[in-house]
*Asks:* 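Quick one: structure below, then a few questions.
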Amino acid sequence: MLQMGQWSVLLLLSLTSIVHSQSCKWLHPKQEYLNSQILKAFNETFTVRETDEICQEHRSDLSNTESLYNVSQVEAGVLIVREVLNETMRFYMKHHESMGCKQQAWERFQQLLYYQIHQLEACIPKASENHLIKETISEEFNLLEKIVLGKDNSACVWDFIHSETRRNLQQVLQLSSRLRRQRLLQRPQ
């Protein structure tokens, strides 16, 4: 049996997440434009290089995170999006020069990520950190880091890293869109 104090905590936690999702600017439909700008800026940071090098596929080195993006709860989705954007920012801050990122495009991409991360922070109740989500996403970026450190920084490695990052960003942006549509459908008319 739950005692009165425990019921109060449960009620407070559920109300907190309702309030957070209602005041969360990240969930507004107008944010779809920001999604497209993030992806556009990312694509402009890197030029695909012409090379005669035969590239080895590194996909098997990475963990499978596909199931991570199949969430329907807003709080979990916000945490996933924030972690992917934070890890992307961290990785590219460390490697953008050696990857040959275009400076102006990198700066634009960085500004958009900071803006989006800031909006996401306002959507997360203080008690809703999820260490499993953090660990899973961190692990994937640590594997990317190992690929960079273990290889000879060839065009193939950077092309692979860029394509993996694009795939992660696309999945995060699709998750964002899905959660926004879900929220719109659940709103009282």
Side-chain angles (χ1 to χ4, degrees), residues 16-17 20-21 23-28 31-46 58-59 61-99 101-149 157-158 160-180 183:
T16 302
S17 56
H20 273 278
S21 70
S23 64
C24 179
K25 289 181 183 177
W26 174 75
L27 283 170
H28 293 190
Q31 295 302 310
E32 289 300 314
Y33 178 73
L34 182 59
N35 281 2
S36 66
Q37 291 303 299
I38 288 172
L39 205 50
K40 180 181 176 194
F42 175 74
N43 287 330
E44 291 171 355
T45 62
F46 192 73
H58 298 281
R59 184 73 192 123
D61 297 347
L62 299 176
S63 57
N64 186 0
T65 56
E66 302 293 322
S67 63
L68 191 64
Y69 298 103
N70 293 326
V71 297
S72 58
Q73 289 183 316
V74 171
E75 288 79 15
V78 169
L79 291 172
I80 290 166
V81 172
R82 183 191 65 181
E83 286 310 308
V84 169
L85 297 182
N86 274 329
E87 288 292 328
T88 300
M89 177 71 78
R90 183 192 60 75
F91 184 87
Y92 274 80
M93 286 182 88
K94 189 173 180 180
H95 296 291
H96 75 278
E97 288 178 356
S98 56
M99 289 180 75
C101 290
K102 297 174 189 170
Q103 190 61 33
Q104 194 171 10
W106 156 245
E107 289 170 4
R108 174 81 174 130
F109 178 59
Q110 189 178 17
Q111 289 169 349
L112 291 168
L113 288 183
Y114 276 135
Y115 181 75
Q116 185 77 297
I117 290 166
H118 178 70
Q119 284 193 323
L120 288 162
E121 293 296 332
C123 303
I124 301 171
K126 296 204 184 314
S128 71
E129 287 298 319
N130 185 317
H131 296 289
L132 182 60
I133 289 173
K134 262 186 161 170
E135 268 180 44
T136 305
I137 294 168
S138 222
E139 190 177 297
E140 173 145 351
F141 279 88
N142 288 336
L143 288 169
L144 289 176
E145 188 75 37
K146 285 180 185 175
I147 290 170
V148 168
L149 297 175
V157 169
W158 295 128
F160 171 74
I161 298 292
H162 193 73
S163 105
E164 264 316 291
T165 305
R166 182 183 314 107
R167 185 184 65 76
N168 278 326
L169 285 172
Q170 287 171 332
Q171 287 183 322
V172 155
L173 299 177
Q174 287 170 358
L175 172 61
S176 302
S177 295
R178 193 178 69 228
L179 291 173
R180 286 184 191 112
R183 182 174 180 261

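Along the sequence shown, residues are numbered consecutively beginning with 1.
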*Asks:* To the closest 0.5 Å, what do you measure between CD1 (I147) and CG (N142)?
*Replies:*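 One gets 11.5 Å once the value is rounded to the nearest 0.5 Å.
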*Asks:* Applying side chain to side chain donor-acceptor pair (under 3.5 Å), run through Q111 and Y115 and close with a yes or a no.
*Replies:* CA-CA 6 Å; Q111 289 169 349; Y115 181 75; over 6 Å; no
*Asks:* Using the rule given for side-chain contact (heavy atoms from CB on, under 4.5 Å), can you reason through F109 versus L169, listing the C-alpha separation, both sets of side-chain angles and the distance that settles it, and then say yes or no?
*Replies:* CA-CA 12 Å; F109 178 59; L169 285 172; 3.9 Å; yes
*Asks:* Determine whether more than 12 heavy atoms belonging to other residues, nucleotides or ligands lie under 6.0 Å from atom NZ of K40.
*Replies:*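 At most 12 heavy atoms, drawn from other residues, nucleotides or ligands, come within 6.0 Å of this atom.
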*Asks:* Can you name the nearest heavy-atom pair linking S176 to V81, along with the distance?
*Replies:*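 Nearest heavy atoms, S176 then V81: OG-CG2, 3.7 Å.
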*Asks:* Atom CG of L132 and atom CG of L79: how far apart are they, to the nearest 0.5 Å?
*Replies:* 11.0 Å
*Asks:* Counting heavy atoms not belonging to Q104, are there more than 12 under 6.0 Å from its CD?
*Replies:* no
*Asks:* For the residue pair Q171 / R167, report whether a side-chain donor-acceptor contact shorter than 3.5 Å exists.
*Replies:*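 Side chains of R167 and Q171: pair found under 3.5 Å.
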*Asks:* Side chain to side chain contact (heavy atoms under 4.5 Å, CB included) with V78: which of L179, L175, L120?
*Replies:* L120
*Asks:* Please output the side-chain donor-acceptor pairs of residues 85-95 that fall under 3.5 Å, not counting sequence neighbours, one pair per line with the distance.
*Replies:*
| unit_1 | atom_1 | unit_2 | atom_2 | d |
| --- | --- | --- | --- | --- |
| N86 | ND2 | R82 | O | 3.4 |
| E87 | OE1 | R90 | NE | 3.0 |
| E87 | OE1 | R90 | NH2 | 2.9 |
| E87 | OE2 | S138 | OG | 3.3 |
| T88 | OG1 | V84 | O | 2.7 |
| Y92 | OH | T165 | OG1 | 3.4 |
| K94 | NZ | E145 | OE2 | 3.1 |
| H95 | NE2 | E145 | OE1 | 3.2 |
| H95 | NE2 | E145 | OE2 | 2.9 |

*Asks:* Should F42 and H162 be marked as a side-chain contact (heavy atoms from CB on, under 4.5 Å) after you check the CA-CA gap, both sets of side-chain angles, and the distance that decides it?
*Replies:* CA-CA 9 Å; F42 175 74; H162 193 73; 3.2 Å; yes
*Asks:* Will you find, in the side chains of Q170 and Q174, an N or O donor that is under 3.5 Å from an N or O acceptor?
*Replies:*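 There is no such pair between these side chains.
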*Asks:* For R180, give me all partners under side-chain hydrogen bond (donor to acceptor under 3.5 Å, both in side chains), at least two apart in sequence or on another chain.
*Replies:*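 Applying side-chain hydrogen bond (donor to acceptor under 3.5 Å, both in side chains) to R180 gives E32.
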*Asks:* Could you pull out all residues at least two apart from E135 that satisfy side-chain hydrogen bond (donor to acceptor under 3.5 Å, both in side chains)?
*Replies:* none
